[in-house]
Amino acid sequence: MAYLASDKKRQEIPWVSYRNEDGTVTEFASTEAPPKADLLAHGERRTMDCMDCHNRPTHTFDMPEGAVNREMGRGPLQFLSPLYPQGGD
């Protein structure tokens, strides 16, 4: 997903482009505030990421040491990932 913003704070987004799985591209343009020709020709096309919509992460990120210590305090660790053997060997 790529977009062009028409303001410095990237709050006004008059143009969005989406690359489909088959490689085709679909473009969308605002009908209320269409992108200007100069923006389309020379604007900074940005790849959309989480922080474009959210001004901060929406969940906490624990440091590994603290997370492991907290879980160990709750009892034996359970490894439910397929990357870890489930007992035996």
Side-chain angles (χ1 to χ4, degrees):
M1 197 91 180
Y3 70 95
L4 290 169
S6 58
D7 66 317
K8 291 183 188 225
K9 290 188 175 186
R10 298 192 303 261
Q11 298 297 303
E12 301 293 326
I13 300 178
W15 179 88
V16 175
S17 171
Y18 177 75
R19 182 175 303 278
N20 299 292
E21 288 183 14
D22 65 4
T24 60
V25 176
T26 304
E27 295 182 351
F28 303 90
S30 172
T31 55
E32 295 175 14
K36 296 181 179 172
D38 186 55
L39 180 66
L40 289 172
H42 305 291
E44 178 187 5
R45 282 176 168 72
R46 297 181 53 89
T47 300
M48 189 170 286
D49 63 25
C50 300
M51 298 306 280
D52 288 319
C53 296
H54 305 282
N55 60 5
R56 61 184 169 82
T58 58
H59 53 88
T60 60
F61 297 93
D62 294 332
M63 297 301 292
E65 182 179 2
V68 170
N69 287 343
R70 182 185 63 245
E71 292 304 313
M72 287 177 68
R74 293 179 180 168
L77 294 178
Q78 295 184 10
F79 296 99
L80 302 177
S81 170
L83 301 175
Y84 298 101
Q86 298 297 312
D89 310 0

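Quick note: numbers below take in every heavy atom, side chains included, and nothing from hydrogens, waters or symmetry partners.
- Legend: residues meeting side chain to side chain donor-acceptor pair (under 3.5 Å) with D62, ordered by chain and number and at least two apart, are R70.
- Applying the salt bridge (Lys or Arg N to Asp or Glu O under 4.0 Å) test to residues at least two apart or on different chains, none of the pairs has a partner in residues 15-32.
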What side-chain donor-acceptor pairs closer than 3.5 Å can you find for residues 33-47, not counting sequence neighbours?
{"residue": "E44", "atom": "OE2", "partner": "R46", "partner atom": "NH1", "Å": "3.4"}
{"residue": "R45", "atom": "NH1", "partner": "L40", "partner atom": "O", "Å": "3.1"}
{"residue": "R45", "atom": "NH2", "partner": "L40", "partner atom": "O", "Å": "3.2"}
{"residue": "R46", "atom": "NE", "partner": "Y3", "partner atom": "OH", "Å": "3.1"}

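- Residues forming a side-chain contact (heavy atoms from CB on, under 4.5 Å) with M72 (at least two apart in sequence, or on another chain): V68, L77.
- With sequence neighbours left out, the side-chain contact (heavy atoms from CB on, under 4.5 Å) criterion links K9 to D7, Q11.
- Distance check, rounded to the nearest 0.5 Å: CG of D52 to CE of M1 gives 10.5 Å.
- Every salt bridge (Lys or Arg N to Asp or Glu O under 4.0 Å) that E71 has, sequence neighbours left out, goes to R74.
- Partners of T26 by side-chain contact (heavy atoms from CB on, under 4.5 Å), not counting sequence neighbours, listed by chain and number: N20, F28.
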